[in-house]
Amino acid sequence: MIIAANLKTNLTRAKTISYLNEVERFIEKNSITQEVLVFPATSSLVKHQAGIKVGAQNAYPAINGAFTGEIGYEQLEEFEIKTILIGHSERRHVMGETQEELVKKFNFYKELGFRIVYCVGEPLSVRESGHDKMMEYISRQYEGIDVMYKNLIIAYEPVWAIGSGLTPTPEDIVTIHKELKTKSTAPLLYGGSVKVTNVQEVLSLDGVDGVLVGSAALYAEHFCSMCESAQLLEKK
């Protein structure tokens, strides 16, 4: 299983280092064998050489250059980062990134051998339009993406559930994960109001290979608890 924390625009560099160290100690003490990913805020990226893989929430598809407000591969290389989150719903719906832009970013970091967590999902208006239209919408987010890329992880995130406290029913999650599994054999994570109280149930569902957690992972002890839940399920 893969347990990933997207810290978004939260935690300073000092707090991020403390967070990583606390989670790392927990992983070592409890012999956690799951793959653990943490995506800090851009200004809080750090070189972390231990069990946790630190990734970037975003980067421009360039080594460097005149791209104000962005970072490129040169900045990631300084921290030895080889993992990146691409296509998160906030990048699509808040920052307005197009599929064409995401494909360009995907291909650039694919050529560099990055571990890519690629996000897909639908807003509430699309979900309410019916299952077929919802799947058409999500399918378009796969266009131009190499679904056979060996370092690919896909994360399904129902946009309407993120930060709302709402979660699709277990049956809904199983159904959509089953359909998405036909599009790629890459590990498929679930992300959408995952929290300490429901993570074990979500992880136990067919087709769920891990979780991408947002605000519920901001406290290290909560994220550690989620890692422990995954480990306990693995032992069953």
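What you see below is based on every heavy atom in this structure, not just the backbone, and it leaves out hydrogens, waters and symmetry mates. This is a predicted model, so every value here is computed, not measured.
- A donor-acceptor pair under 3.5 Å is absent between the side-chain atoms of K150 and the main chain of G113, judged by distance alone.
- Hydrophobic clustering (side-chain heavy atoms under 4.5 Å, transitive across Ile, Leu, Val, Met, Phe, Trp, Tyr) groups I116 together with I154.
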Worksheet item: Yes or no on side-chain contact (heavy atoms from CB on, under 4.5 Å) for V103 and I145, after CA distance, side-chain angles and deciding distance?
Response: CA-CA 6 Å; V103 168; I145 300 300; 4.0 Å; yes
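- Put simply, CE on M1 and CG on L189 are 11.0 Å apart, with the number rounded to the nearest 0.5 Å.
- A donor-acceptor contact shorter than 3.5 Å links the side chain of Q231 to the backbone of S31.
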Worksheet item: Does the pair M135 and E179 meet the rule for a side-chain contact (heavy atoms from CB on, under 4.5 Å), with working shown?
Response: CA-CA 9 Å; M135 291 310 302; E179 292 194 48; 3.5 Å; yes
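- With contacts defined as side-chain heavy-atom distances shorter than 4.5 Å, the pair M148/S184 does not qualify.
- Closest non-hydrogen pair, A220 versus V23, comes out as CB-CG2, 4.1 Å.
- Put simply, the residue from E157, E97, M95 that forms a side-chain contact (heavy atoms from CB on, under 4.5 Å) with H88 is E157.
- Proximity of a side-chain donor or acceptor of R92 to a complementary backbone N or O of C119 within less than 3.5 Å is detected.
- Interatomic distance, SG of C224 versus CD1 of I3, reported as 12.0 Å (0.5 Å rounding).
- Judged by distance alone, the side chain of Q200 and the main-chain N or O of L233 form no donor-acceptor pair under 3.5 Å.
- Put simply, the residue from N198, V199, V211 that forms a side-chain contact (heavy atoms from CB on, under 4.5 Å) with S229 is V199.
- Ring geometry, F106 versus Y118: the interplanar angle exceeds 60°, so the pair is classed perpendicular (tilted spans 30 to 60°).
- To the nearest 0.5 Å, atom CG of residue N58 and atom CD of residue E70 are 5.5 Å apart.
- No side-chain heavy atom of K82 sits less than 4.5 Å from a side-chain heavy atom of Y109.
- Residues I153 and L37 have side chains in contact (heavy-atom distance under 4.5 Å, counting atoms from C-beta outward).
- For A56 against L76, the heavy-atom pair with the smallest separation is CB-CD2, 3.7 Å.
- When atom types are taken as modelled, the side chain of E80 and the backbone of K47 share no donor-acceptor pair closer than 3.5 angstrom.
- Between K133 and V126, the closest side-chain pair of non-hydrogen atoms is not below 4.5 Å.
- The minimum heavy-atom distance linking A155 with V117 is given by the pair CB-CG1, 4.1 Å.
- Following chains of ILVMFWY side-chain contacts shorter than 4.5 Å, one cannot reach L85 starting from F79, and the two form parts of different hydrophobic clusters.
- Under the 4.5 Å side-chain contact rule for hydrophobic residues, V196 and L212 do not share a cluster.
- Remark: side-chain polar atoms of Q57 are paired, donor with acceptor, to backbone N or O of K8 under 3.5 angstrom.
- Under the 3.5 Å distance criterion, the side-chain polar atoms of T83 are left unmatched by any main-chain donor or acceptor of G55.
- Note on I173: it clusters hydrophobically with V213, by side-chain heavy-atom contacts below 4.5 Å among ILVMFWY residues.
- Here K181 does not pair with D206 in a salt bridge; the nearest charged N to carboxylate O distance is not below 4.0 Å.
- The number of heavy atoms from other shown groups lying within 6.0 Å of OH (Y219) does not exceed 12.
- Between Y60 and E101, the side chains place no donor N or O within less than 3.5 Å of an acceptor N or O (distance only, hydrogens not considered).
- For the atom pair NE2 of H177 and CG of D172, the computed distance is 11.0 Å after rounding to the nearest 0.5 Å.
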Discussion item. Test side-chain contact (heavy atoms from CB on, under 4.5 Å) on E35 and R115; report intermediate values, then the result.
Written reply: CA-CA 12 Å; E35 182 175 2; R115 185 80 154 142; 3.0 Å; yes
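- Scanning both residues, P168 and Y190, for their nearest heavy atoms gives CD-OH, 2.9 Å.
- Among all heavy-atom pairs drawn from I176 and I138, the shortest one is CD1-CD1, 3.6 Å.
- Contact of the L102 side chain with the Q141 side chain is not registered, since no non-hydrogen atoms from C-beta on lie closer than 4.5 Å.
- A 4.5 Å side-chain heavy-atom check between E78 and I71 finds every atom pair outside the cut-off.
- Shown here are the side chain to side chain donor-acceptor pair (under 3.5 Å) partners of E136, two or more places apart in sequence or in another chain: there are none.
- Ring planes of F223 and Y19: parallel class, angle under 30° (limits at 30 and 60°).
- No donor-acceptor contact under 3.5 angstrom links the side chains of E143 and Q99, judged on distance only.
- If you chain together hydrophobic residues whose side chains sit under 4.5 Å apart, L205 and V194 fall into the same group.
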Worksheet item: For K15 and N10, what are the C-alpha separation, side-chain angles and deciding distance, and is it a side-chain hydrogen bond (donor to acceptor under 3.5 Å, both in side chains)?
Response: CA-CA 9 Å; K15 288 180 179 178; N10 295 291; over 6 Å; no
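- Taking every heavy atom of both residues into account, G121 and V159 meet most closely at C-CG2, 4.1 Å.
- A donor-acceptor contact shorter than 3.5 Å is absent between the side chain of E28 and the backbone of R25.
- Within the 3.5 Å criterion, the main-chain N or O of I52 finds a donor-acceptor partner in the side chain of E24.
- The closest donor-acceptor contact from the side chain of R13 to the backbone of S43 lies under 3.5 Å.
- Rounding to the nearest 0.5 Å places CD1 of I84 at 6.5 Å from NZ of K105.
- In this structure the side chain of H48 reaches within 4.5 angstrom of the side chain of N21, judged on heavy atoms.
- The number of heavy-atom neighbours closer than 6.0 Å to CD of E221, taken from other residues, nucleotides and ligands shown, is above 12.
- For the pair K104 and F108, the minimum side-chain heavy-atom distance is 4.5 Å or more.
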Item to complete: Evaluate the criterion side-chain contact (heavy atoms from CB on, under 4.5 Å) for residue pair I2 and D209; output intermediate values, then yes/no.
Response: CA-CA 6 Å; I2 300 167; D209 301 313; 5.7 Å; no
